[in-house]
Participant: 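Pasting in a structure now, in C-alpha coordinates, and then I'll have a few things to ask.
To find a chain, count down the sequence lines: A is the first, B the second, and so on, and within it residues start at 1.
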Amino acid sequence: EPEVTQTPSHQVTQMGQEVILRCVPISNHLYFYWYRQILGQKVEFLVSFYNNEISEKSEIFDDQFSVERPDGSNFTLKIRSTKLEDSAMYFCASSVGTGRGYGYTFGSGTRLTVV
Amino acid sequence: DAKTTQPNSMESNEEEPVHLPCNHSTISGTDYIHWYRQLPSQGPEYVIHGLTSNVNNRMASLAIAEDRKSSTLILHRATLRDAAVYYCILRDPSDTDKLIFGTGTRLQVFP
(Lines give C-alpha, C1' and ligand atoms only; values in the text may rest on other atoms or scores of the structure.)
Protein backbone atom coordinates (compact mmCIF):
# COMPACT_ATOMS: atom_id res chain seq x y z
CA GLU A 1 0.00 0.00 0.00
CA PRO A 2 1.37 3.47 -0.87
CA GLU A 3 2.92 5.37 2.03
CA VAL A 4 3.88 8.88 2.98
CA THR A 5 7.54 8.79 3.96
CA GLN A 6 9.08 11.23 6.45
CA THR A 7 12.73 11.78 7.26
CA PRO A 8 14.41 11.93 9.65
CA SER A 9 12.41 10.00 12.20
CA HIS A 10 14.05 11.93 15.01
CA GLN A 11 15.91 15.23 14.94
CA VAL A 12 17.60 16.98 17.81
CA THR A 13 18.55 20.59 17.30
CA GLN A 14 19.77 23.51 19.34
CA MET A 15 17.50 26.44 19.99
CA GLY A 16 17.86 29.08 17.30
CA GLN A 17 19.00 26.63 14.63
CA GLU A 18 17.17 26.03 11.38
CA VAL A 19 15.66 22.64 10.68
CA ILE A 20 14.15 21.11 7.56
CA LEU A 21 11.74 18.24 7.87
CA ARG A 22 11.26 16.18 4.75
CA CYS A 23 8.32 14.29 3.37
CA VAL A 24 7.67 12.25 0.24
CA PRO A 25 3.91 12.23 -0.36
CA ILE A 26 2.10 9.55 -2.33
CA SER A 27 2.95 10.05 -5.98
CA ASN A 28 -0.50 10.77 -7.44
CA HIS A 29 -1.64 12.96 -4.54
CA LEU A 30 -2.12 16.65 -5.15
CA TYR A 31 -2.79 18.09 -1.70
CA PHE A 32 -0.17 18.22 1.02
CA TYR A 33 -0.30 19.07 4.70
CA TRP A 34 1.75 19.45 7.82
CA TYR A 35 0.38 18.78 11.30
CA ARG A 36 2.11 18.68 14.63
CA GLN A 37 1.46 17.06 18.00
CA ILE A 38 3.11 18.28 21.16
CA LEU A 39 3.59 15.42 23.62
CA GLY A 40 0.31 14.57 25.32
CA GLN A 41 -1.69 17.10 23.31
CA LYS A 42 -3.99 17.10 20.29
CA VAL A 43 -2.91 16.82 16.68
CA GLU A 44 -2.87 20.39 15.31
CA PHE A 45 -3.11 21.60 11.74
CA LEU A 46 -0.24 23.75 10.51
CA VAL A 47 -0.57 24.26 6.76
CA SER A 48 -2.08 22.94 3.56
CA PHE A 49 -0.42 23.21 0.15
CA TYR A 50 -1.81 22.80 -3.34
CA ASN A 51 -0.62 23.76 -6.79
CA ASN A 52 2.68 25.05 -5.40
CA GLU A 53 1.17 27.46 -2.97
CA ILE A 54 -0.19 27.57 0.54
CA SER A 55 -3.96 27.19 0.52
CA GLU A 56 -4.54 27.51 4.25
CA LYS A 57 -2.43 27.99 7.37
CA SER A 58 -3.07 28.12 11.08
CA GLU A 59 -2.04 30.73 13.63
CA ILE A 60 0.81 28.45 14.65
CA PHE A 61 2.31 28.74 11.16
CA ASP A 62 4.00 32.10 11.63
CA ASP A 63 6.94 33.67 9.79
CA GLN A 64 9.34 31.14 11.30
CA PHE A 65 7.74 28.38 9.24
CA SER A 66 7.83 27.81 5.52
CA VAL A 67 6.94 24.98 3.16
CA GLU A 68 8.28 24.04 -0.21
CA ARG A 69 7.88 21.40 -2.87
CA PRO A 70 11.29 21.80 -4.49
CA ASP A 71 11.37 18.97 -6.99
CA GLY A 72 7.91 17.53 -7.56
CA SER A 73 8.38 14.67 -5.13
CA ASN A 74 9.60 16.10 -1.82
CA PHE A 75 7.55 18.35 0.43
CA THR A 76 9.49 20.14 3.15
CA LEU A 77 8.75 22.08 6.30
CA LYS A 78 11.40 24.55 7.39
CA ILE A 79 11.56 26.12 10.80
CA ARG A 80 13.89 29.09 10.55
CA SER A 81 14.92 29.62 14.17
CA THR A 82 13.72 26.87 16.44
CA LYS A 83 12.33 27.51 19.90
CA LEU A 84 11.95 25.10 22.79
CA GLU A 85 8.19 25.08 22.24
CA ASP A 86 8.65 23.77 18.70
CA SER A 87 9.51 20.38 20.19
CA ALA A 88 6.80 18.05 18.90
CA MET A 89 5.96 15.26 16.47
CA TYR A 90 5.50 16.67 12.99
CA PHE A 91 3.29 14.73 10.62
CA CYS A 92 3.12 15.15 6.88
CA ALA A 93 -0.04 14.09 5.06
CA SER A 94 -1.27 13.97 1.50
CA SER A 95 -4.57 13.52 -0.25
CA VAL A 96 -5.59 12.74 -3.80
CA GLY A 97 -8.32 15.33 -3.68
CA THR A 98 -10.31 17.58 -1.47
CA GLY A 99 -14.00 17.97 -1.07
CA ARG A 100 -16.41 15.07 -1.38
CA GLY A 101 -14.89 13.49 1.72
CA TYR A 102 -11.46 12.32 0.63
CA GLY A 103 -9.29 10.76 3.31
CA TYR A 104 -5.74 11.75 4.10
CA THR A 105 -2.68 9.51 4.33
CA PHE A 106 -0.31 10.50 7.12
CA GLY A 107 3.37 9.69 7.53
CA SER A 108 4.83 8.22 10.69
CA GLY A 109 6.19 11.57 11.76
CA THR A 110 9.42 13.29 12.69
CA ARG A 111 10.08 13.79 16.37
CA LEU A 112 11.73 17.20 16.74
CA THR A 113 13.52 17.89 19.99
CA VAL A 114 14.81 21.42 20.55
CA VAL A 115 17.39 21.72 23.32
CA ASP B 1 -16.54 24.29 13.18
CA ALA B 2 -19.06 21.60 14.10
CA LYS B 3 -18.00 19.77 17.25
CA THR B 4 -17.94 16.10 18.19
CA THR B 5 -18.16 14.42 21.59
CA GLN B 6 -16.53 11.08 22.27
CA PRO B 7 -15.90 9.09 25.46
CA ASN B 8 -12.36 9.51 26.74
CA SER B 9 -11.68 5.79 26.88
CA MET B 10 -13.17 2.38 26.19
CA GLU B 11 -12.05 -1.19 26.78
CA SER B 12 -12.60 -4.38 24.88
CA ASN B 13 -11.45 -7.95 24.86
CA GLU B 14 -9.72 -9.40 21.86
CA GLU B 15 -12.00 -10.87 19.18
CA GLU B 16 -15.06 -9.07 20.54
CA PRO B 17 -16.93 -6.37 18.61
CA VAL B 18 -16.33 -2.77 19.61
CA HIS B 19 -18.77 0.08 19.15
CA LEU B 20 -17.18 3.53 19.42
CA PRO B 21 -19.79 6.29 19.70
CA CYS B 22 -19.61 9.88 18.53
CA ASN B 23 -22.13 12.64 19.08
CA HIS B 24 -22.31 15.55 16.65
CA SER B 25 -25.60 17.25 17.37
CA THR B 26 -24.69 20.45 15.48
CA ILE B 27 -23.72 18.69 12.26
CA SER B 28 -24.66 20.53 9.09
CA GLY B 29 -26.09 18.98 5.95
CA THR B 30 -22.80 19.07 4.08
CA ASP B 31 -20.52 17.76 6.84
CA TYR B 32 -18.91 14.40 6.21
CA ILE B 33 -18.20 12.17 9.22
CA HIS B 34 -14.61 10.95 9.20
CA TRP B 35 -12.87 8.52 11.52
CA TYR B 36 -9.14 8.33 12.00
CA ARG B 37 -7.09 6.40 14.50
CA GLN B 38 -3.63 6.89 15.94
CA LEU B 39 -1.66 3.89 17.06
CA PRO B 40 1.06 4.49 19.68
CA SER B 41 3.99 6.44 18.25
CA GLN B 42 2.38 6.61 14.79
CA GLY B 43 0.71 9.24 12.66
CA PRO B 44 -3.07 9.30 12.32
CA GLU B 45 -4.51 6.68 10.01
CA TYR B 46 -7.68 7.08 7.94
CA VAL B 47 -10.32 4.52 8.89
CA ILE B 48 -13.61 5.37 7.19
CA HIS B 49 -15.95 8.19 6.30
CA GLY B 50 -19.60 8.68 5.39
CA LEU B 51 -22.28 11.26 4.78
CA THR B 52 -25.71 9.72 5.32
CA SER B 53 -25.67 6.00 4.62
CA ASN B 54 -23.89 3.33 6.62
CA VAL B 55 -20.50 2.43 5.19
CA ASN B 56 -18.32 -0.67 5.32
CA ASN B 57 -14.69 -1.21 4.41
CA ARG B 58 -12.01 -3.73 5.25
CA MET B 59 -11.14 -1.96 8.48
CA ALA B 60 -14.49 -1.10 10.01
CA SER B 61 -18.14 -0.17 9.59
CA LEU B 62 -19.69 3.23 10.15
CA ALA B 63 -23.28 3.42 11.33
CA ILE B 64 -24.85 6.86 10.98
CA ALA B 65 -28.05 7.77 12.81
CA GLU B 66 -30.99 8.77 10.68
CA ASP B 67 -30.89 12.35 11.99
CA ARG B 68 -27.08 12.35 11.58
CA LYS B 69 -26.60 13.71 15.09
CA SER B 70 -24.56 10.68 16.09
CA SER B 71 -22.53 7.89 14.54
CA THR B 72 -20.83 4.70 15.66
CA LEU B 73 -17.60 3.18 14.45
CA ILE B 74 -17.80 -0.60 14.61
CA LEU B 75 -14.78 -2.87 14.77
CA HIS B 76 -16.22 -6.29 14.17
CA ARG B 77 -13.51 -8.29 15.93
CA ALA B 78 -11.02 -6.29 17.95
CA THR B 79 -7.37 -7.30 17.83
CA LEU B 80 -4.49 -6.12 19.99
CA ARG B 81 -3.37 -4.04 17.01
CA ASP B 82 -6.62 -2.05 17.21
CA ALA B 83 -5.52 -0.44 20.49
CA ALA B 84 -5.32 3.22 19.53
CA VAL B 85 -6.90 6.63 19.93
CA TYR B 86 -9.93 6.92 17.64
CA TYR B 87 -10.97 10.34 16.37
CA CYS B 88 -14.38 11.26 15.01
CA ILE B 89 -14.04 14.38 12.85
CA LEU B 90 -16.57 16.39 10.88
CA ARG B 91 -15.49 17.89 7.59
CA ASP B 92 -17.28 20.39 5.44
CA PRO B 93 -15.15 20.08 2.34
CA SER B 94 -16.56 23.25 0.86
CA ASP B 95 -15.43 25.26 3.87
CA THR B 96 -11.97 24.16 4.85
CA ASP B 97 -9.53 21.47 3.93
CA LYS B 98 -8.04 20.88 7.35
CA LEU B 99 -8.85 18.18 9.86
CA ILE B 100 -9.61 19.38 13.37
CA PHE B 101 -8.67 16.69 15.86
CA GLY B 102 -10.26 16.45 19.27
CA THR B 103 -9.03 14.28 22.11
CA GLY B 104 -10.65 11.11 20.73
CA THR B 105 -11.41 7.80 22.45
CA ARG B 106 -8.52 5.73 23.71
CA LEU B 107 -9.38 2.08 23.05
CA GLN B 108 -7.67 -0.57 25.11
CA VAL B 109 -7.86 -4.17 23.91
CA PHE B 110 -7.16 -6.99 26.34
CA PRO B 111 -6.01 -10.48 25.35
Participant: At a heavy-atom separation under 4.5 Å, does Tyr33(A) approach chain B through its side chain, its backbone, both, or neither?
Facilitator: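 Contact with chain B involves the side chain of Tyr33(A) alone.
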Participant: Is it true that Arg37(B) and Asp82(B) have a side-chain N and a carboxylate O under 4.0 angstrom from each other?
Facilitator: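 So Arg37(B) pairs with Asp82(B) through a salt bridge.
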Participant: Verify whether one side chain among Thr105(A) and Ser94(A) offers a donor that lies under 3.5 Å from an acceptor in the other.
Facilitator: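 The criterion, which ignores hydrogens and geometry beyond distance, is not satisfied for Ser94(A) and Thr105(A).
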Participant: Any donor-acceptor pair under 3.5 Å linking the side-chain atoms of Thr113(A) with those of His10(A)?
Facilitator: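 Yes.
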Participant: Do we see a donor-acceptor contact under 3.5 Å between the side chains of His24(B) and Ser70(B)?
Facilitator: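 Ser70(B) and His24(B) do not have a side-chain donor-acceptor pair below 3.5 Å.
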Participant: For Glu44(A), which atoms come within 4.5 Å of any heavy atom of chain B: side chain, backbone, both, or neither?
Facilitator: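 For Glu44(A), neither part sits under 4.5 Å from chain B.
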Participant: Considering only heavy atoms, which portion of Tyr50(A) lies under 4.5 Å from any heavy atom of chain B: side chain, backbone, both, or neither?
Facilitator: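 Nothing of Tyr50(A), per the 4.5 Å heavy-atom cut-off to chain B.
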